[in-house]
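Worksheet: the structure to be examined is printed underneath.
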Amino acid sequence: MVDCVMVDCLMLECVMMEVLMVVVLQLVFSRYCSPCDIRELFCTALGLPSSGLVHKSLRKNSMILHVPVSFRAFKINELKTEVTNRLAMLEKRVELEGMKVVEIEKCRNDIKKLREEMASRNTRYSEPHRSNFLEDNKKLTPRRDVPSYPKYHLSKETVEALRLPTFDAWQWEPNEMLSCLEHMYHDLGLVKDFNINPITLKRWLLCIHDNYRNNPFHNFRHCFCVTQMMYSMICLCNLQEKFTQVDILILMTAAVCHDLDHPGFNNTYQINARTELAVRYNDISPLENHHCAVAFQIFSQPDCNIFSSFDPEAFKQIRQGTITLILATDMARHGEILDSFKQKVDNFDYSDEEHVTCLKMVLIKCCDISNEVRPMEVAEPWVDCLLEEYFMQSDREKTEGLPVAPFMDREKVTKPTAQIGFIKFVLIPMFETVMKLFPQIEEAMVQPLRESRDRYEELKQIDDAMNEKKKSENLTMGSKKK
Ligand SMILES: [Zn+2]
């Protein structure tokens, strides 16, 4: 680059000499002027000493020997100014050209880097949607701050209703749900016992809200429902008498964080489509690992760190406990976790850390899939939301040529078929096992599950009868046509 500019400077000098020659050739002198006078005028005009080199060169120039009548030497000053201006312009041009060359070279390097980056991305992930990571951690800071988050004074009725599994989350706006979550942390004594800054608690909850995506199912309302069910189980089963406050904090916080930044496509899709998450977590619970990572990215921001008053050892305990619970929500581990709990439940020991951890894992699992525990009018819309999310996935799997699970296929699944197996073989066995430790959940939680199972079985019978009728009608139509 420096060489380039130097060459340009040399060229500028040559151009300058040409300009000077043009000026000289354009001068016209009086016939009465002596060569000496002309030399003096030139030297004055060009700012050279009168005895300089110009003398010899001018003498040799035959043009100057023919001096015209009208001598316009007074023009020389004007010409000098013009030369100076042109020189300045040329210098400026050289400078600008030099800068342009530098800029062009910089752009070339940038383009090269971008191309390389795009090429490497394209080889790793063939589709932009598959990138599930937060964009430059932009979302990690809440989009609004506490002052614009209105304080809702929860009525006595709401506070009471919040403690029950019958609570209807569909009636509440996000801000109201945030206030309810805030209330739960205060009501359980967590804010007081762990010296949590109430403003930090608000800001953390706002940040949590902002980091749930607007999926049909895995969204902030689902986070709220799971946490509210945890709160109602803590109340119903008197868990504060059995567990330490650290355990209660872990249960609540894991529930709040358990689906953070869920992309709306399950682990099977992540693994089959070889997404960034699956690659990052080696196909081992990619989503749950991601939810944990996002949760602790949020805690790493001082403004949102509700654990700021904890000493490193206590923080480590909370972190480990929260991670264990969030990772337990992977349904691929359902059999393993429930079997482990079944082995402990008949001789359950609250002083055994392994037993307590296993119970906490089962509790968060219960809450995560507890919609069918709720009244029918609250539970049923969630089935539609889940199927909508499933169909989005199966449609995409079909277009991408990936395997499609029958329970997600819109051609194969109906609401009753989707629910009956799940309630009979997953929900009831798990809740009945928990019932051994907490008999009080039978009426509040297990009975509604049995009722829901019966209702969906009736619906299935109606569906089957309708299908039979349609089939026989089609057969009759077919035979009539023949
Ligand atoms: Zn969930």
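Only a predicted model underlies this, so the values are computations on that prediction, with no experimental measurement involved. What's counted below: heavy atoms across the whole structure, side chains too, no hydrogens, waters or symmetry copies. Atoms within a ligand are numbered from 1 in the order they appear, just like the ligands themselves.
Residue Asp368 approaches the Zn ion (ligand 1) most closely through its N/O/S atom OD1. The Zn ion (ligand 1) sits nearest to atom OD2 when only the N, O or S atoms of Asp259 are considered. The closest approach of His222 to the Zn ion (ligand 1), by N/O/S atoms, is made by NE2.
Classification of the His218-His262 ring pair by plane angle, with boundaries at 30° and 60°, yields parallel. Between Phe299 and Trp204, the two ring planes are parallel [angle under 30°; tilted spans 30° to 60°].
The shortest distance between side-chain heavy atoms of Leu164 and Ser232 does not fall below 4.5 Å.
For His258, the nearest N, O or S atom to the Zn ion (ligand 1) falls under 2.8 Å.
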List the steps, then state whether salt bridge (Lys or Arg N to Asp or Glu O under 4.0 Å) holds for Arg333 with Glu336.
CA-CA 5 Å; Arg333 296 180 57 200; Glu336 165 219 324; 3.2 Å; yes
